S.K.: 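Okay, here's the structure, questions in a sec.
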2 protein chains.
Amino acid sequence: MTTAVPSARVLAHPAREEIRLEGVLHALSDPLRMLIVRELAAGAEAGLTCSHFDLPVTKSTSTHHFRVLREAGVIQQNYRGTAKLNALRRDDLDALFPGLLDSVLAAAARQAERLGG
Amino acid sequence: MTTAVPSARVLAHPAREEIRLEGVLHALSDPLRMLIVRELAAGAEAGLTCSHFDLPVTKSTSTHHFRVLREAGVIQQNYRGTAKLNALRRDDLDALFPGLLDSVLAAAARQAERLGG
DNA sequence: CTGCTCGTACGATAGCCATCGTAGTACGGC
DNA sequence: GCCGTACTACGATGGCTATCGTACGAGCAG
């Protein structure tokens, strides 16, 4: 084998051409998911584990939200041992919708500053 | 009175500060509503009537979608006789989320070109 | 005033979705 | 091999939402 399988389990991601704007906007229209995306954008090139996020929901619900983001093509997920690394698909999103992600992130930051103090 | 009531019926709109990013993104995550917004952006400074749009749904459903857009703060609606004029709230959106609307519209146009031929 | 057109309101329905709890699987350390 | 940790799968549930049909209200043309 070429790489002897990185870490066995692989998750299904949509190809770049399959990413739909409606799906991305819908994925980002949930406050919890927007929070995840903002943290990923701020923090991590390499990716953050699911458990890094301190979300006010159960793990089941977390899994659900991460799955929505992945299936919409917003994030990429890879197993790393027992953990799972999440990273923004910035390249794909920028290629498909130039400037969109940055505008949305800026808008979210602006609103957070305006409302959250 | 100052203006003697423009045309009687007035619709409730959220104030600029009440517009929430999640709401805007959710409103735009429906293909039908995105289509409406795109036509409004392309065509009309003054506004377009509801009946101008040739949507593949009943009038009830149209009313519903226009209402969602209005309550999210994306469009402004004003009665003009029996018709109702719809216009984008570009000023408010640009003030709150600079560049967001243009990015989204560009993304939608790009996807339409990519998929619709 | 009588109709006509444009849009609304209301009720019904079916589908999606955010949330939870419980039970289970994969991986790494001992 | 066994256990703990990290995440998943599945089923249930309550709420939202897109859709429709029918009945209604508001303005305009006669």
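Everything numeric here is computed off the predicted structure, so don't read it as measured data. Side chains are part of it too, since the values below use all heavy atoms of this structure and drop only hydrogens, waters and symmetry mates. Below, chains carry the letters A, B, ... as their sequence lines are ordered, and counting in each starts from 1.
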S.K.: What integer distance in Å separates B:L28:CG from D:dA18:P?
M.R.: 13 Å
S.K.: Examine D:dC7: is either OP1 or OP2 under 4.0 Å from a nitrogen or oxygen in the side chain of A:R67? Give yes or no.
M.R.: no
S.K.: Assess, by modelled atom type and distance only, whether the side chains of A:T58 and A:T61 contain a donor and an acceptor separated by less than 3.5 Å.
M.R.: yes
S.K.: When you measure from the side-chain N and O atoms of A:H65 to the phosphate of C:dC17, is any distance below 4.0 Å, counting only OP1 and OP2?
M.R.: no
S.K.: So A:E22 and B:R33, do their side chains get closer than 4.5 Å, heavy atoms only?
M.R.: no
S.K.: Is any side-chain heavy atom of B:L100 less than 4.5 Å from a side-chain heavy atom of A:V104?
M.R.: yes
S.K.: Test A:F53 against A:S62 for side chain to side chain contact (heavy atoms under 4.5 Å, CB included), laying out the working first.
M.R.: CA-CA 9 Å; A:F53 297 88; A:S62 278; over 6 Å; no
S.K.: Rounded off to whole Å, could you give me the CG-to-P distance for the A:N78 and C:dA26 pair?
M.R.: 18 Å
S.K.: For B:L88 and B:V74, work out which heavy atoms get closest and say how close.
M.R.: CD2-O, 3.6 Å
S.K.: What is the distance from CG of B:L69 to P of D:dT17, rounded to the nearest Å?
M.R.: 13 Å
S.K.: Can you tell me which nucleotide in C:dA18, D:dA18, C:dG7 comes closest to the side chain of A:H64?
M.R.: C:dA18
S.K.: For DNA chain D, determine which residues of residues 48-61 of chain B have any heavy atom closer than 4.0 angstrom to one of its atoms, and list them numerically.
M.R.: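 Within this stretch, B:V57, B:T58, B:S60, B:T61 sit under 4.0 Å of the strand.
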S.K.: Kindly indicate whether the side chain of A:H26, heavy atoms from C-beta on, has any atom under 4.5 Å from the side chain of A:S29.
M.R.: yes
S.K.: For D:dA18 and B:R33 - does any side-chain N or O of the residue sit under 4.0 Å from the phosphate oxygens OP1/OP2?
M.R.: yes
S.K.: Whole-Å distance between D:dC16 C1' and A:H26 NE2?
M.R.: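 Rounded to whole Å, this separation is 11 Å.
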S.K.: Looking only at the side chain of A:L32 (C-beta and beyond, no hydrogens), which of the listed nucleotides C:dT19, C:dG28, D:dC7 gets closest?
M.R.: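 Closest nucleotide to the A:L32 side chain: C:dT19.
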S.K.: Give the rounded distance in Å between these two atoms: CG of B:L11 and C1' of D:dG25.
M.R.: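 Nearest whole value for this atom pair: 14 Å.
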